[in-house]
Asker: 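Below: one structure in structure tokens.
Hydrogens, waters and symmetry mates play no part in the numbers below; they use all other heavy atoms, side chains included. Just so you know, residue 1 is the first one in the sequence shown, and it goes up from there.
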Amino acid sequence: MATTDPRVDAYIKKAAPFAQPILKHIRKLVHTACPEVEETIKWGFPNFGYKGKMMCSMASFKAHAVFGFWKASLMKDPALRQNAESESSMGHSGKLTSMKDMPSDKKMTAYIKEAMKLTDNGIKLPPKKKVEKKELIIPDYLKAVLKKNKKASTVFEGFAFSHKKEYVEWITEAKTEATREKRIAQALEMIAEGKSRNWKYQKK
């Protein structure tokens with residue numbers, strides 16, 4: 001038996017006028033295609049579950065609404081899989097600005113039925129690949145000079161990993177101690193000014 005959540009009603013009511021009919025229609029299609037659907041609010045937007053598993057979700061923003069499937073990367077439609085793999089947005093059906101942007105009811109129903117079947121068959125998403133934690137080894141001599149220059153030290157700490165790496169590699173790759181000292185002096189000056197190592201080549 002389907003379960004509804006009053007928080008979903010409240011979410012739709014607070015949505016922009018253009019989004020309300022889209023969200024209402026999506027909700028109706030999900031309930032029609034999946035009588036056992038379970039509604040909830042998760043991560044701040046409506047989610048629909050099936051047999052205790054996440055199935056699909058919808059959300060609205062200032063200029064568009066979205067609808068996506070938890071296991072879109074495993075579904076047959078190439079567009080759904082591509083959008084899921086790119087992670088360009090949580091809406092695997094693209095940005096919905098009006099009812100005209102919605103896939104046909106037939107297609108939407110087929111999507112929902114396919115998502116249900118994946119759950120029925122016990123098919124799970126593959127585990128996410130573990131991303132090795134980035135670690136940058138900063139030489140003690142560089143740490144020492146940064147510690148003496150408070151401004152440069154503060155800016156350096158706020159730099160992105162890539163910017164820090166550029167400076168560290170540039171300094172440590174110096175062939176002689178004299179060159180290294182010269183680069184450290186230049187680096188401190190640029191860092192204090194908030195400049196990355198290759199700031200000259202960055203697009204403005």
Asker: Not counting sequence neighbours, which residues clear side chain to side chain contact (heavy atoms under 4.5 Å, CB included) with V155? List them please.
Answerer: F159, I191

Asker: In terms of hydrophobic clustering (I, L, V, M, F, W, Y; side-chain heavy atoms under 4.5 Å; direct or indirect links), are V8 and W43 co-clustered?
Answerer: yes

Asker: Could you tell me how the ring of H31 sits relative to the ring of F48: parallel (under 30°), tilted (30 to 60°) or perpendicular (over 60°)?
Answerer: perpendicular

Asker: So which atom in M116 and which in Y50 form the shortest heavy-atom distance, rounded to 0.1 Å?
Answerer: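 Of all heavy-atom pairs spanning M116 and Y50, the closest is O-CE2, 3.4 Å.
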
Asker: Taking only residues two or more places apart in sequence, or in another chain, which ones meet K51 in a side chain to side chain donor-acceptor pair (under 3.5 Å)?
Answerer: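 Applying side chain to side chain donor-acceptor pair (under 3.5 Å) to K51 gives D120.
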
Asker: Might you point out which heavy atoms bring K71 and I123 nearest each other, and give the distance in Å?
Answerer: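 Smallest heavy-atom distance, with atoms named: NZ-O, 2.5 Å.
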
Asker: Quick one: sort the F67 and F69 rings into parallel, tilted or perpendicular, breaks at 30° and 60°.
Answerer: perpendicular

Asker: Write out all pairs satisfying salt bridge (charged side-chain N to carboxylate O under 4.0 Å, His left out) with one or both partners inside residues 107-119, taking only residues at least two apart or from two chains.
Answerer: none

Asker: For T154, check side chain to side chain donor-acceptor pair (under 3.5 Å) against everything at least two apart and list the hits.
Answerer: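 For T154 there are no side chain to side chain donor-acceptor pair (under 3.5 Å) partners, ignoring immediate neighbours.
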
Asker: How would you list, by chain and number, every residue that makes a salt bridge (charged side-chain N to carboxylate O under 4.0 Å, His left out) with R180, sequence neighbours excluded?
Answerer: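 In terms of salt bridge (charged side-chain N to carboxylate O under 4.0 Å, His left out), with neighbours along the sequence ignored, R180 is linked to no residue.
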
Asker: Let me check something: do I137 and L142 share a hydrophobic cluster, defined by ILVMFWY side-chain heavy atoms less than 4.5 Å apart, either directly or through other members?
Answerer: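 Each belongs to a different hydrophobic cluster.
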
Asker: Under the salt bridge (charged side-chain N to carboxylate O under 4.0 Å, His left out) rule, what pairs show up with a residue in residues 136-153, not counting sequence neighbours?
Answerer: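 Not a single pair qualifies under salt bridge (charged side-chain N to carboxylate O under 4.0 Å, His left out).
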
Asker: Of all the heavy-atom pairs spanning M99 and P21, show the shortest one and how long it is.
Answerer: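 Smallest heavy-atom distance, with atoms named: SD-O, 3.7 Å.
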
Asker: Can you list the residues that meet the side chain to side chain contact (heavy atoms under 4.5 Å, CB included) rule with D105, with sequence neighbours excluded?
Answerer: H25, L29

Asker: Assess the residue pair Y11 and S60 against the criterion (side chain to side chain contact (heavy atoms under 4.5 Å, CB included)); give the C-alpha distance rounded to whole Å, side-chain angles, the decisive distance to 0.1 Å, and a yes or no.
Answerer: CA-CA 9 Å; Y11 183 94; S60 68; 3.8 Å; yes

Asker: Report the residues that fulfil side chain to side chain donor-acceptor pair (under 3.5 Å) with D77, sequence neighbours left out, ordered by chain and then residue number.
Answerer: Y111

Asker: Can you name the closest pair of heavy atoms from A115 and M55 and give their distance?
Answerer: CB-CG, 3.7 Å

Asker: Output all residues satisfying salt bridge (charged side-chain N to carboxylate O under 4.0 Å, His left out) with D9, sequence neighbours left out; order by chain, then residue number.
Answerer: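 Listed in chain order: R27.
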
Asker: Can you list everything that forms a salt bridge (charged side-chain N to carboxylate O under 4.0 Å, His left out) with E193? Sequence neighbours excluded, please.
Answerer: K195

Asker: Just verifying a value: how many Å separate T97 OG1 and F61 CZ, rounded to the nearest 0.5 Å?
Answerer: 14.0 Å

Asker: Taking side chain to side chain contact (heavy atoms under 4.5 Å, CB included) as the definition, give me every residue that meets it alongside T32, ordered by chain and number, with sequence neighbours left out.
Answerer: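 T32 satisfies side chain to side chain contact (heavy atoms under 4.5 Å, CB included) with K28 only.
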
Asker: According to side chain to side chain contact (heavy atoms under 4.5 Å, CB included), who are the partners of A110, at least two apart in sequence or on a separate chain?
Answerer: none

